[in-house]
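Just so it is clear: chains get the letters A, B, ... in the order the sequence lines come, proteins before strands, and each one is counted from 1. None of these values were measured; they are calculated from a predicted model.
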Protein chains: 2
Amino acid sequence: MRREPPPPPSPSREIEAALRTGATTGIIGYRLRRAQLSVFQKFLSVFDELKLRPADYSVLVLIADNPGRKQTEIAEVLGVKRANFVTLVHGLEERGLVERIPSHADKRANALHLTAAGEAFLAHARAVHETMEQELIARLGGEKARKTLLDLLDRLT
Amino acid sequence: MRREPPPPPSPSREIEAALRTGATTGIIGYRLRRAQLSVFQKFLSVFDELKLRPADYSVLVLIADNPGRKQTEIAEVLGVKRANFVTLVHGLEERGLVERIPSHADKRANALHLTAAGEAFLAHARAVHETMEQELIARLGGEKARKTLLDLLDRLT
DNA sequence: TATTGTTATACTCTATAACTATA
DNA sequence: TATAGTTATAGAGTATAACAATA
């Protein structure tokens, strides 16, 4: 049985230790940012093959669960400006995953739907995501820990 | 006693409800991002008068607790590229908060210190931050909840 | 008048390459 | 050769203003 090689002592480790102790221990925003960046980095590497960014995935999920909604509605829920949402949804449309169907009830609006290809693609993406999610849950220490985390995060939002 | 006016039912609320239930309930990364953005937004509004961004504050705290370190060391711990750290620390230097003292041990390096003005400024900033932190802790439900959150976040990092 | 989608634009943050002066 | 600081630059993400078509 091989031992893990010990990490080399480096100045940055000393400083990191200092950052994590003493007067700076309780910086919630800082720890939140580091954790979020770490999870997003994981997401990017896992979804690299699918060419899906976090925003793309959330848009696909939201359209799938709420078909026929206007661009403005989907964008608002995700906290994306409608001006920036245009580029996002056009990219998904060019890949044949999303359809922008002109609404006959309101000729200004586009109703968003997934294509058949989009549904199939999302099914695969959801499976990939579920695997990642299970790994995160394992790291947290189980389902109960996940629920605790989401509850605490909601109180900050 | 007046009742709060009920929030108007809007399409976005319906969609948000859909997002928070069903198949998309457990997206840890999404919830993490929303909470982080919310806390950073709070930070920006609270520190607007001090013209301090989150990265600025963390740099000041780190220099104060680890005086004499090189730029590269501080930058690395914070996850900032040393190229981008230059602009950051120069800004703090122009405001008279930080000194870049050429190291005589290594003529390539700058040793970072806070000026007297920087120390005073940081003392004030720390007080402001502590107030914000206490508010976050209250929202979480107390010290124990904060400890639980930081522990869970560490497992994701 | 207000809203939907859109374009244009700008600002911040982040990432890489390349240079200089030292080591 | 490698490292510290620096400059230049490019790419995301995000913000606002303004326009045409429609409500």
Side-chain angles (χ1 to χ4, degrees), chain A residues 8 10-12 15 29-30 33-34 36-38 40-41 43-45 47-48 51-59 63 68-94 98-112, chain B residues 10-12 29-30 33-34 36-38 40-41 43-45 47-48 51-59 63 68-94 98-112:
Chain A
S10 66
S12 71
I15 305 183
Y30 179 79
R33 171 172 167 265
R34 298 304 285 246
Q36 188 253 310
L37 286 177
S38 178
F40 264 52
Q41 201 55 45
F43 187 103
L44 289 176
S45 68
F47 280 83
D48 182 59
K51 302 299 177 203
L52 264 198
R53 305 191 147 274
D56 298 320
Y57 181 68
S58 62
V59 168
I63 293 177
R69 293 291 188 171
K70 303 185 290 189
Q71 293 184 189
T72 302
E73 290 174 325
I74 302 289
E76 187 189 347
V77 170
L78 292 176
V80 177
K81 301 292 175 193
R82 71 186 195 281
N84 298 323
F85 189 77
V86 172
T87 312
L88 216 176
V89 77
H90 282 205
L92 295 172
E93 190 182 33
E94 281 178 16
V98 167
E99 272 180 327
R100 282 159 51 250
I101 302 177
S103 166
H104 43 278
D106 184 341
K107 290 183 180 174
R108 297 170 303 181
N110 293 328
L112 297 178
Chain B
S10 65
S12 69
Y30 179 79
R33 171 172 168 265
R34 297 305 284 247
Q36 188 252 311
L37 286 177
S38 178
F40 264 52
Q41 202 55 44
F43 188 103
L44 289 177
S45 68
F47 280 82
D48 182 60
K51 303 297 176 204
L52 263 197
R53 304 192 149 277
D56 298 320
Y57 180 68
S58 62
V59 168
I63 294 177
R69 292 290 188 173
K70 302 185 291 189
Q71 294 185 188
T72 301
E73 290 174 324
I74 302 291
E76 186 190 347
V77 169
L78 292 174
V80 176
K81 301 291 175 194
R82 70 185 196 281
N84 298 324
F85 189 77
V86 171
T87 311
L88 217 177
V89 77
H90 281 206
L92 295 173
E93 190 183 33
E94 282 178 15
V98 166
E99 274 179 327
R100 282 159 52 249
I101 302 177
S103 167
H104 45 276
D106 184 341
K107 289 183 181 176
R108 298 169 300 181
N110 293 327
L112 297 178

Item to check | Value in whole Å for how far the C1' atom of D/dT3 lies from NZ of B/K107 | outcome: 16 Å
Checklist entry - From D/dA23, D/dG5, D/dA4, pick the nucleotide closest to the side chain of A/R108? => result D/dA23
Checklist outcome for this item: In whole angstroms, the gap separating C1' of D/dA4 from CZ of B/R100 amounts to 11 Å
Next on the checklist: I want to check something: taking the side chain as every heavy atom from C-beta on, are A/R69 and A/I63 in contact at a cut-off of under 4.5 Å?
Outcome noted: no
Item to check | Short side-chain N/O contact to D/dG5 OP1/OP2 from B/K70, under 4.0 Å | outcome: no
Next on the checklist: Measure CG/A/D106 against C1'/D/dA21 and give the value in whole Å, please.
Outcome noted: 10 Å
Checklist entry - From A/E99 CD over to A/I101 CD1, what is the distance, rounded to the nearest 0.5 angstrom? => result 4.5 Å
Item to check | Contact summary for A/L52 and A/F43, nearest pair of heavy atoms | outcome: O-CE2, 3.8 Å
Item to check | Gap between atoms NZ and P, on B/K81 and D/dG11 respectively (whole Å) | outcome: 17 Å
Checklist entry - Is the base of D/dA15 touched by the side chain of A/N84 through a donor-acceptor pair closer than 3.5 angstrom? => result yes
List the atom pairs, with distances to 0.1 Å, where a side-chain N or O of residues 85-93 of chain B and a protein N or O form a donor-acceptor pair under 3.5 Å, not counting sequence neighbours.
unit_1: B/E93; atom_1: OE1; unit_2: B/R100; atom_2: NH1; d: 2.6
unit_1: B/E93; atom_1: OE2; unit_2: B/R100; atom_2: NH1; d: 3.1

Checklist entry - What nucleic acid atoms does B/A83 come within less than 4.0 Å of, heavy atoms only: base, sugar-phosphate, or nothing? => result base
Checklist entry - Looking only at side-chain N and O atoms, does B/R33 come under 4.0 Å of OP1 or OP2 in D/dT14? => result yes
Checklist entry - Within this structure, what is the CZ-to-C1' distance between A/F85 and D/dG13, rounded to whole angstrom? => result 15 Å
Checklist entry - Can you tell me how far C1' of D/dG5 sits from CD1 of B/I74, to the nearest Å? => result 15 Å
Item to check | Nearest-angstrom distance from the residue atom CG of B/L112 to P of D/dA4 | outcome: 13 Å
Checklist entry - Atom NE2 of B/H90 and atom P of D/dG5: how far apart are they, to the nearest Å? => result 10 Å
Checklist entry - Contact boundaries of DNA chain C with chain A (under 4.0 Å, heavy atoms), 5' to 3'? => result C/dA2 to C/dT14
Checklist entry - Quick one: NZ on B/K70 to CD on B/E76, what's the gap to the nearest 0.5 Å? => result 9.5 Å
Item to check | Interatomic distance, B/R34 atom CZ to B/S38 atom OG [nearest 0.5 angstrom] | outcome: 9.5 Å
Item to check | OP1 or OP2 of D/dG5 under 4.0 Å from side-chain N/O of B/T72 | outcome: yes
Checklist outcome for this item: When every non-hydrogen atom of A/G68 is compared with those of A/A111, the smallest separation belongs to O-CB, 3.5 Å
Checklist entry - Mapping A/R53 and A/R82 to their closest nucleotides on DNA chain D, which lands nearer the 5' end? => result A/R53
